[in-house]
Amino acid sequence: MEAVTRVNSTARAAGIVTVVVAALLGSAYVLGRSLVPDQTRQHATGVTTDANGPHYADQPPEQPSTGHPSASQSAAGPAEAGQDGTGRDAGGDQLFGAHTDTGTARLALTFDDGPDPRYTPQVLATLREYDVKATFCVVGENAQDHPDLVQAIVADGHTLCNHSWHHDVSLGNRSADQIRADLIRTNEAIRAAVPDVPIVWYRQPGGAWTYPVVSVSRQLGMTPLHWSVDPSDWQVPGANKIATTVLTQAQPGAVVLLHDAGGDRQGTVDALRRILPELTSRFELEALPTDPT
Ligand SMILES: [Zn+2]
């Protein structure tokens, strides 16, 4: 009887040890995963990019990334749900120092996601009509596909901004090496069209800034560029709404976010024709300088 009890007791002790060891191993596994977040996030990024599809736009994640691995991962999910305008209200702490204004009294128009043969030539013609210079935030693969349009943009005196290779809204959650490769590849595609053209601005797709993406873009000689006026033209609200929003919110130093690609942008083109007469009478418009101080 006593022997049996001792055996049971020993077995119980062994069982407890087993449970404790398993718990410790489990903790170590979880801890290990949290210490190497890049690989995990890389997978999430791949899915995000695919789901994003061709009709991307600058809708920030529901909760702009905080840089914390788990927060970044959860933010990558709803990024494609279609939220915009939240970037403007996200607050400075979510922008990691990205510029939201021109730093002068001049107003800057920016055109994202192109070039696109359907809309970029129309935008260029309209800007030319009003003798307005602007800044084009081009996507690397689109620059590669349409080098003639990159040349036309530069020939008209506009300036360029790197907008990543494939408009990856989650790019900021990748490793620094992956971010660097993406941005360099984009600059190389632009310079394949226009050798030695200055590219001193970087705009993160979706405005989903993270510390790494800001840091890498600065290392590559580019200044992070956000915006201050966002008519959500990528949601195709119609030319009237786009024009009204821009004219209502425009103020000295504003950086206006518009899109010349990534979907049906005829509304943006039409809005531009309505915006420019008033905008040019109220403000001095500029292409963002290629020698920012
Ligand atoms: Zn964009």
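Residues take their numbers from the sequence shown, with the count starting at 1. Numbering of ligands and ligand atoms starts at 1, following listing order. The figures here come from the full heavy-atom set of this structure, side chains too, leaving out hydrogens, waters and symmetry mates.
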[X] backbone or side-chain N/O/S under 2.8 Å from the Zn ion (ligand 1):
X	result
H167	yes
D112	no
C137	no

Review point. Of all N, O or S atoms in D113, which has the smallest distance to the Zn ion (ligand 1)?
Key: OD1

Check your understanding: Going by the salt bridge (charged side-chain N to carboxylate O under 4.0 Å, His left out) test, which pairs reach into residues 99-111, not counting sequence neighbours?
Key -> R106-E286

Review point. What pairs meet the salt bridge (charged side-chain N to carboxylate O under 4.0 Å, His left out) rule with one or both residues in residues 181-202, with sequence neighbours excluded?
Key: none

Point to revise | Sole candidate of D270, T120, V236 that passes side chain to side chain contact (heavy atoms under 4.5 Å, CB included) when paired with R265 | key: V236

Exercise for review: Examine distances only and state if a side-chain atom of E278 and a backbone atom of R274 form a donor-acceptor pair shorter than 3.5 Å.
Suggested key: no

